[in-house]
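Following: one structure in structure tokens, then a few remarks.
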2 protein chains.
Amino acid sequence: MSHQISEVNVAGIVEELRARGHRVTPQRRAIVAETLGTEGHIAPQAVAKKVSERVPGVNASTVYRTLELLEELGYVSHAHLEDGFQYHLVGRGGHVHLVCARCGRQEALPVEKTVPFKRLIEKHSGFSPDFSHFSISGLCAACRKLQDSR
Amino acid sequence: MSHQISEVNVAGIVEELRARGHRVTPQRRAIVAETLGTEGHIAPQAVAKKVSERVPGVNASTVYRTLELLEELGYVSHAHLEDGFQYHLVGRGGHVHLVCARCGRQEALPVEKTVPFKRLIEKHSGFSPDFSHFSISGLCAACRKLQDSR
DNA sequence: GTATATGCAAAGGTTTTGCACAGCC
DNA sequence: GGCTGTGCAAAACCTTTGCATATAC
């Protein structure tokens, strides 16, 4: 059931927090754990909700501030998806979300398929794109037909 | 200075509005004109602001409703970019925005470079992605080095 | 004349911010 | 003990919605 655990774990992050002079609080532990335990992406709100199930009374603003800190440290990254503001682990494999701009239907594309394109972009400008947790808009097959037949 | 004008123009959209039983109001004309006149993407708010410079007193809710209508008709599409909710013309050529998740730096990639990847996705699922007005997140060359050297 | 679009105002939701207090180191 | 992080509350912001009025057809 369990996937390959990424080399980034709670202890590692906690260690780096301390090493950088940040403090390790129960809230931060819980937020880090929740974020690492999430497959795919998660909204700050959702983190707040799930975390406060374990550690009672974690404030939303704390969640926002902690996620921002984790992003500064390079562990997570944010995206603006259809569902709003979302965080995801940097570099954790996954799939690309294709969202139809017309009907909203979502499809998935294995991340392997993006490798050649990723290489191309990296060669072009040194920029290393992360497709795995970002939606890409377009038209699904059905809506494309509709469009063409008009 | 002027780019190739796309075949979609204000008159055409106005015509289709009428043909579909929608009404053509000064507000709608202005919103359509502003949207078509925009290179790249634009936020509903920005449309509202620019439009009300010409047609005084266009309400934000009207802008939202009109943009939604234009999306239904297939002229525009929306995205959630770094700057928030944005609309852009469907299928107007341009370039891909690469945004560094770390430092926020933006780079551009000519849309031609995406063609092979676009074909690949289309073959895979019939989904036709539109990269030209959507940001793609990742790490720029500089931030990538920082990341690696840690 | 009638049905649709607009403006207005209020509500809803998310994110940000300032400040006093709590708690990690 | 000092400084950082948290909670609280309020504010800021964007977007949506209901309803009366205006207006395109």
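Computed from a predicted structure; not experimentally measured.
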For A:Tyr87 and A:His41, I'd like to know if the aromatic rings sit close, meaning centre-to-centre distance below 6.0 Å. no

Side chain of [X] only, heavy atoms from C-beta on: which candidate in [options] is closest?
{"X": "A:Val58", "options": "C:dC24, C:dC8, D:dG7", "answer": "D:dG7"}
{"X": "A:Thr62", "options": "D:dT17, D:dA24, D:dT6", "answer": "D:dT6"}
{"X": "A:Pro44", "options": "C:dT15, D:dT16, D:dC25", "answer": "C:dT15"}
{"X": "B:Asn59", "options": "D:dA24, C:dG7, D:dC8", "answer": "C:dG7"}
{"X": "A:Arg28", "options": "C:dT17, D:dG5, C:dT6", "answer": "D:dG5"}

Considering every strand and a 4.0 Å limit on heavy-atom distances, what is the contact class for [X]: base, sugar-phosphate, or nothing?
{"X": "B:Gly21", "value": "nothing"}
{"X": "B:Gly84", "value": "nothing"}
{"X": "A:Arg65", "value": "base"}

Could you tell me whether the phosphate oxygens of [N], OP1 or OP2, come under 4.0 Å of any side-chain nitrogen or oxygen in [X]?
{"X": "A:His22", "N": "D:dT4", "answer": "no"}
{"X": "B:Gln27", "N": "C:dG7", "answer": "yes"}
{"X": "A:Thr25", "N": "D:dT6", "answer": "yes"}

Assign each of B:Arg23 and B:Thr66 the nucleotide of DNA chain C bearing its closest heavy atom; nearer the 5' end lies the nucleotide of B:Arg23

More than 12 heavy atoms of other residues, nucleotides or ligands under 6.0 Å from NZ of A:Lys118: yes or no?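 Above 12, so yes.
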
Would you say the side-chain atoms of B:Glu107 and A:Ser125 include a donor-acceptor pair closer than 3.5 Å?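 There is such a pair (donor and acceptor under 3.5 Å, judged by atom type) between the side chains of B:Glu107 and A:Ser125.
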
Calculate, to the nearest 0.5 Å, the distance between atoms [atom1] and [atom2] belonging to [X] and [Y] respectively.
{"X": "A:Ser77", "Y": "A:Leu70", "atom1": "OG", "atom2": "CG", "answer": "12.0 Å"}
{"X": "B:His22", "Y": "B:Glu72", "atom1": "NE2", "atom2": "CD", "answer": "7.0 Å"}
{"X": "B:Glu112", "Y": "B:Thr114", "atom1": "CD", "atom2": "OG1", "answer": "8.0 Å"}

Write down the distance between [atom1] ([X]) and [atom2] ([N]), rounded to a whole number of angstrom.
{"X": "A:Gln45", "N": "C:dT15", "atom1": "CD", "atom2": "C1'", "result": "9 Å"}
{"X": "A:Arg29", "N": "D:dT6", "atom1": "CZ", "atom2": "C1'", "result": "17 Å"}
{"X": "A:Glu15", "N": "C:dC25", "atom1": "CD", "atom2": "P", "result": "13 Å"}
{"X": "A:Glu71", "N": "C:dT15", "atom1": "CD", "atom2": "P", "result": "13 Å"}
{"X": "A:Leu17", "N": "D:dT4", "atom1": "CG", "atom2": "P", "result": "15 Å"}
{"X": "A:Ile31", "N": "D:dT6", "atom1": "CD1", "atom2": "C1'", "result": "10 Å"}
{"X": "A:Leu69", "N": "D:dT6", "atom1": "CG", "atom2": "C1'", "result": "14 Å"}
{"X": "B:Tyr64", "N": "C:dG13", "atom1": "OH", "atom2": "C1'", "result": "13 Å"}

By nearest heavy atom, map B:Ser61 and B:Val24 onto DNA chain D; which one lands nearer the 5' end? B:Ser61

